[in-house]
Amino acid sequence: MAANPLVEMVNITRNFGGVHALKGVDLSVFAGEVVALLGHNGAGKSVLAQILSGVYPPTSGEIKVDGSPVHFHSPNDARRHGIETIYQTLALADNLDAPSNFFLGRELRTSLGFLDKRRMAEEAAAALVDLNPNFTDIERPVRQMSGGQRQAIAIARAIHFNVRVLIMDEPTAALGPHETAQVAALIQRLRDQGIGILLISHDVRDVMRLSDRIVVLKNGELVGEVRAEESDEDEVVEMIIRGRKLAPADGDGP
Amino acid sequence: MSEAVLPRRRVHVTDVVTPIWLVLVVVIVIAALISDRFLSPGNVAAVLQQGVITGIVALGMTVVLVGGEFDLSTGATVMMAAVVALLLGPDGGVGIAVAIAVPLLIGAGIGAVNGLAVYRAGANSIVATIGMQFLVIGAVLALVSGQHVRADAIGETFTALTHARPLGVPLPVFVFAALVAALAIVMSQTVFGRHIYAIGGDVEAATRAGIPVARIGIATYVISGVLAATSGVLIASLVGHLDPTAIGGYEFPALTAVVLGGTSLSGGVGRPADTAGAILVIAVITNVMTILNYQYPIQLLVQGMVLTGAVAFYSWRRGGA
Ligand SMILES: Nc1ncnc2c1ncn2[C@@H]1O[C@H](COP(=O)(O)OP(=O)(O)OP(=O)(O)O)[C@@H](O)[C@H]1O
Ligand SMILES: [Mg+2]
């Protein structure tokens with residue numbers, strides 16, 4: 001096995017009242033690796049992702065970053081470890097404009113301590129144009145923007161601040177074919193930079209093409225794990241539907 | 001990296017001149033046409049003075065409401081502060097500082113408890129702050145056993161604080177203007193203010209951005225409590241004596257101004273300066289009705305129409321935007 005994984009989740013469980021959303025899941029992401037997380041609606045994908053994002057703690061289990069155990073009390077803690085998230089809901093404040101959302105929670109200040117609106121607007125504009133050249137008029141409430149533009153903001157801010165592990169929960173759900181292709185290219189570019197990516201998606205074909213490793217959840221349990229190059233669409237779809245339980249994986253990791 | 005510079009957004013006229021300021025101009029013109037007494041210096045000062053007490057309360061409620069919550073305990077806090085200031089009987093020197101500081105501190109405490117109930121315990125803010133209102137009113141009435149609070153001990157220096165008229169303008173008007181300016185800067189130019197808008201816009205997004213929602217929410221209530229108490233201290237100084245049962249009910253006129261100024265009842269939108277504009281509009285209308293000798297029921301009727309009209313207008317505009 002190569003170096004330590006960037007992040008490792010061990011035997012994670014999560015209950016919401018009587019609902020057992022996760023029942024002991026292991027998951028790791030290595031540097032420069034795209035791990036796809038698949039499963040039916042309600043399988044527990046977003047819950048697992050949000051535990052890694054620091055949105056809420058696991059009921060039991062352990063998270064390790066670079067081999068050392070960590071405890072996330074807020075998304076800030078995860079972000080401090082370079083774990084960035086594009087949430088399924090995007091998590092944008094609709095009443096604020098793009099630069100405000102881009103820098104939300106890590107605003108730039110002037111030397112006097114006030115909001116540096118000009119610098120935030122310029123940096124956000126550059127990052128957004130980088131992602132989508134047609135992105136104009138960024139200084140209006142994001143409520144007035146298209147689904148694609150909103151998604152671009154969520155993506156742009158997640159990769160702007162020294163990201164090491166990027167969690168993408170259905171990042172192309174609101175995008176057309178052209179933008180979806182752009183995101184695919186972005187994923188490959190980030191992987192080449194050594195960033196670890198946890199990609200949640202319903203599009204099996206995309207996943208086969210983009211990911212190195214595929215992990216399947218069903219009813220809060222890990223039911224399958226394969227290397228993308230050693231598998232095919234049919235097998236993966238089969239795992240999602242049947243929930244084939246896999247023998248302990250041998251040598252998972254690049 | 002920014003060869004591809006986006007067109008910088010024009011500063012729209014509507015960013016600076018919001019509808020309420022246009023309404024204010026219209027109302028002033030109409031008032032001046034109706035009555036030639038309206039623009040007399042004495043009357044202008046009276047108009048300004050009239051709005052200040054409610055206005056300061058409304059500023060605090062604006063901050064809380066931008067965060068997405070209500071503060072209906074403010075009326076009771078005004079009363080508490082006025083009574084406490086008078087009971088401390090400031091007759092000069094340190095006495096005055098104490099008579100101002102103690103009510104403000106209690107106001108901050110009331111705000112902190114509101115904030116904890118709403119942002120830590122997750123209580124509904126309307127219910128929690130109405131509960132606080134009963135609590136404060138009850139405590140104050142028990143404190144004075146329902147008696148009129150006498151002015152005997154109060155020195156002239158304390159009352160002179162608010163009766164001073166630099167440049168012919170009552171001092172409380174300057175206090176109000178300074179508070180409007182300070183809050184406008186806090187809300188629009190600081191990280192703290194930005195986070196209040198984020199919380200009012202989408203708590204979940206704010207939480208996920210790592211914003212300390214509870215701490216900031218509690219701070220909005222503390223601001224509101226201190227501002228309501230400031231109003232109470234001003235009343236104490238202006239009037240010099242009072243019947244505790246007779247003051248109260250500031251929260252709804254203040255809320256009217258907040259809404260008239262365009263602050264969204266669902267949070268995330270609103271500006272202190274616009275609340276101030278709304279306060280002036282209401283003061284002008286009330287003043288004209290008084291000059292014209294309209295009876296109280298008619299005044300209420302007009303205020304009700306203004307409020308309902310404002311809510312309808314802003315809803316229509318947001319829906320249409
Ligand atoms: N905050 C919560 N409170 C209670 N139950 C929750 C909460 N979040 C998730 N759940 C439950 O946990 C289970 C897993 O949900 P999760 O959102 O992880 O599904 P998912 O795999 O992301 O599905 P989808 O493909 O629809 O996004 C579901 O049964 C859901 O109802
Ligand atoms: Mg999900």
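Sequence lines set the chain letters: A, B, ... in the order given, protein chains first and strands last, and positions in each chain run from 1.
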| Sub-3.5 Å donor-acceptor pair from the side chain of A:D94 to the main-chain atoms of B:D202, do we have one? | no

| field | Residue-level interface, residues 61-73 of chain B with chain A, non-hydrogen cut-off under 4.5 Å | value | none

| task | Give, for atom CG of A:N76 and atom CZ of B:R208, the distance between the pair rounded to the nearest 0.5 Å. | result | 13.5 Å

| request: Give the member of B:A209, B:A198, B:G268, B:G201 that has the highest number of heavy-atom pairs under 4.5 Å with chain A. | output: B:A209

| chain A contact via B:S188 - which portion, at a heavy-atom distance below 4.5 Å | both

| Contact origin within B:I199 toward chain A - heavy atom pairs under 4.5 Å | neither

| Any side-chain heavy atom of A:S100 sitting closer than 4.5 Å to one from B:R194? | yes

| task | Report yes if some heavy atom in the side chain of B:T190 is under 4.5 Å from a heavy atom in the side chain of A:L115; otherwise report no. | result | no

For a quick test of reading the model, state the closest non-hydrogen atom pair linking [X] to [Y] and the distance between them.
X: B:I211; Y: A:G105; value: CG1-CA, 4.1 Å
X: B:A205; Y: A:L104; value: O-CD2, 4.1 Å
X: A:N95; Y: B:Y197; value: ND2-O, 2.9 Å

| query | Does atom CG of A:D192 have more than 12 heavy-atom neighbours, drawn from other residues, nucleotides or ligands, at distances under 6.0 Å? | reply | yes

| field | Residue A:T89 versus chain B: region with a heavy atom under 4.5 Å | value | side chain

| field | Heavy-atom proximity to chain B below 4.5 Å, by part of A:Y87 | value | side chain

| task | Flag the one option from A:R157, A:R106, A:R143, A:E107 with the top tally of heavy-atom pairs under 4.5 Å to chain B. | result | A:E107

